[in-house]
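What follows is a short report on a single structure.
This one's a predicted model, so the numbers in the text were calculated from it and none came from an experiment.
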Amino acid sequence: MKKAVLYPFSADHTALLKYWDRYVSDYEIFKVVSPLGSGLCGQDAGMADNRENMGIRVSESLNEVLPDVDALIVPYVSREMGERLCLVDQMKKIAQMGKEIICCFPLTKRERKELNKICSENNTSATYAYDDHSDIWKQVLFKMSEITAPVIFVGGIFAEANNFEIALSLADKFKKDGYKVSAVGIRPEYNLLGFHYLWPLAEFVDGQVYDKKISTLIKLLNGYLYGLSIKENLDLLIVDVPGGLIDTPKYPNESGVYAYLLSQVIKPDYTILTSLYSQAGEADFKVLFEEIEKRFGFEAGCLHMSNKYLAVQESEYIHSMKFGYMPIAQLYNETPNFDIDIPKYCFIDENQLKKAYQDILYMLTGEKS
């Protein structure tokens, strides 16, 4: 097994680090490195989002760990962040050292061509997580198909709150019980883990298909997911729904646009609503559930309460959502003990994940693990 370093590491990548070895056998994430100033250097990686220790220390220097590894894994980060960290130049430099590059960062065609050339010259390789299906938009799609495999939606009420981790953890549980399961989402890491980067929606989210008709996008998404369910003979499909379902006027969050598109493409059999940590009470959540059902036509199956919270003062200062993370134990102590009509879990806690999985399995199949 080849050894790899994950860089740049942040709280957005703890789920990838946690579940990598469940799905990838060729590479071991041997080191993780965070940019200087992140506050994580020297800490256990679990401190990134205030969870239990993950058993791997965050290094502060990429150059220091490179002699110990065979490959660099670059997870998804925004183009703005990547440019600030000079990621493209770093990948080229590391490829010149003969290290393999596994890239989830969005490269331009020119950057990708240059990186491939450097890898070829230095007898190494570059693996790019993104699918290239630019020509498929030219296809004429005539009909919608019914996807018969059960479908689980994982969607954040206001913002992403462990959706990626929940999709990976449930897929892992179902696979261990012998079910054929796949997961889709707009994070390119899904491709690296043997699942599927939902490229038609991702391109729309990135503004690359703004001149296409929405009806064409809906039919293309339906055809893509229907084909996936048939080719893989799926028993279950998990859909990681991007964006917030309910709009937040102070901080634009897509206002449920992507959830609405997906609700026109496919109907979920079960929906996991993920929530940032909140002191909202029983009545508040019931109103939210009712609003979501009216907007999208699907009911909430359960609620995930994350340890991720909105850092209000900082968010107001930068006019954008900024998040913090509280310890899981503190989450249990401070979450209001309200009674709602659906189960409430914290999926990133192993014991609650097991309970949630058993409940969802029974709800979908009538069976128990």
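Within the 6.0 Å centre-distance limit, the rings of Tyr23 and Phe195 are counted as a close aromatic pair. Between Tyr325 and Tyr277, the distance from one ring center to the other does not fall under 6.0 angstrom.
With sequence neighbours excluded, the residues satisfying side-chain hydrogen bond (donor to acceptor under 3.5 Å, both in side chains) with Asp349 are Tyr332. For Glu160, the salt bridge (Lys or Arg N to Asp or Glu O under 4.0 Å) test picks out Lys308, with sequence neighbours left out. Every side chain to side chain contact (heavy atoms under 4.5 Å, CB included) that Asp235 has, sequence neighbours left out, goes to Tyr179, Lys180. Annotation: ring pair (Phe, Tyr, Trp, His ring centres under 6.0 Å) contacts of Phe9 (sequence neighbours excluded): none. Residues forming a side chain to side chain contact (heavy atoms under 4.5 Å, CB included) with Ser320 (at least two apart in sequence, or on another chain): Ile318. With sequence neighbours excluded, the residues satisfying side chain to side chain contact (heavy atoms under 4.5 Å, CB included) with Arg22 are Tyr19, Asp172, Lys176. Qualifying ring pair (Phe, Tyr, Trp, His ring centres under 6.0 Å) partners for His13, counting only residues two or more places apart in sequence or in other chains: none. Shown here are the ring pair (Phe, Tyr, Trp, His ring centres under 6.0 Å) partners of Phe298, two or more places apart in sequence or in another chain: Phe153, Phe296.
A distance-only check finds no donor-acceptor pair linking the side chain of Thr248 to the backbone of Lys250 [under 3.5 Å]. With hydrogens and angles disregarded, no donor-acceptor distance shorter than 3.5 Å links the side chain of Asp240 to the backbone of Val184. With hydrogens and angles disregarded, a donor-acceptor distance shorter than 3.5 Å links the side chain of Asn253 to the backbone of Phe158. Between the side chain of Asn222 and the backbone N or O of Met144, no donor-acceptor pair lies under 3.5 Å. Judged purely by atom type and a 3.5 angstrom limit, Ser263 uses its side chain to pair as donor or acceptor with the backbone of Tyr260. Looking only at distances, no side-chain donor or acceptor of Glu60 sits under 3.5 Å from a matching main-chain atom of Pro35. No donor-acceptor pair closer than 3.5 Å links the side chain of Ser120 to the backbone N or O of Asn116. Side-chain N or O atoms of Thr365 include one that pairs as donor or acceptor with a backbone N or O of Glu367 at under 3.5 Å.
Atom NZ of Lys92 sits in a crowded spot, with more than 12 heavy atoms from other residues, nucleotides or ligands closer than 6.0 Å. Around OH of Tyr226, the count of heavy atoms belonging to other residues, nucleotides or ligands within 6.0 Å does not exceed 12. When the shell of 6.0 Å around NZ of Lys93 is examined, it contains 12 or fewer heavy atoms from other residues, nucleotides or ligands.
Each of Trp199, Tyr197, Tyr190 was evaluated against Tyr130; a single residue qualifies, Tyr197, per the ring pair (Phe, Tyr, Trp, His ring centres under 6.0 Å) test. Looking at Leu245, Val241, Leu288 one by one, the single match for side chain to side chain contact (heavy atoms under 4.5 Å, CB included) with Leu273 turns out to be Leu245.
We find that Glu350 and Lys173 are joined by a salt bridge, their nearest charged nitrogen and carboxylate oxygen being less than 4.0 Å apart.
Annotation: ring-ring contact (aromatic ring centres under 6.0 Å, His included) contacts involving residues 300-324, sequence neighbours excluded, comprise His304-Phe347. Applying the side-chain hydrogen bond (donor to acceptor under 3.5 Å, both in side chains) test to every pair with at least one member in residues 72-87, sequence neighbours left out, gives these pairs: Arg79-Glu83, Arg79-Glu111. Counting only residues at least two apart or in different chains, side-chain hydrogen bond (donor to acceptor under 3.5 Å, both in side chains) contacts with residues 287-303 comprise Asp247-Arg295, Glu291-Arg295.
Separation of atoms CZ (Arg51) and CG (Asp44) is listed at 11.0 Å; rounding is to 0.5 Å. Remark: Leu353 CG to Ile166 CD1 distance equals 9.0 Å, nearest 0.5 Å.
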Assess whether salt bridge (charged side-chain N to carboxylate O under 4.0 Å, His left out) is satisfied between Lys267 and Glu146, documenting all intermediate values. CA-CA 9 Å; Lys267 297 300 180 185; Glu146 181 182 355; over 6 Å; no

Show, in sequence, the C-alpha distance, side-chain angles and deciding distance for Ile157 and Leu303, and conclude whether the side-chain contact (heavy atoms from CB on, under 4.5 Å) test is met. CA-CA 10 Å; Ile157 296 177; Leu303 175 69; 4.0 Å; yes

Intermediate values then yes/no, side-chain hydrogen bond (donor to acceptor under 3.5 Å, both in side chains), Tyr345 and Asp359: CA-CA 11 Å; Tyr345 311 102; Asp359 292 345; 2.4 Å; yes

Worked check of side-chain contact (heavy atoms from CB on, under 4.5 Å) between Leu221 and Leu198: CA-CA 8 Å; Leu221 283 166; Leu198 194 55; 4.1 Å; yes

Donor-acceptor contacts under 3.5 Å from residues 94-107 side chains, at least two apart:
unit_1	atom_1	unit_2	atom_2	d
Lys99	NZ	Leu66	O	3.0
Lys99	NZ	Val69	O	2.7
Glu100	OE1	Tyr27	OH	2.3
Glu100	OE2	Lys2	NZ	2.4

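Side-chain contact, Thr274 with Asn163: a donor N or O sits under 3.5 Å from an acceptor N or O.
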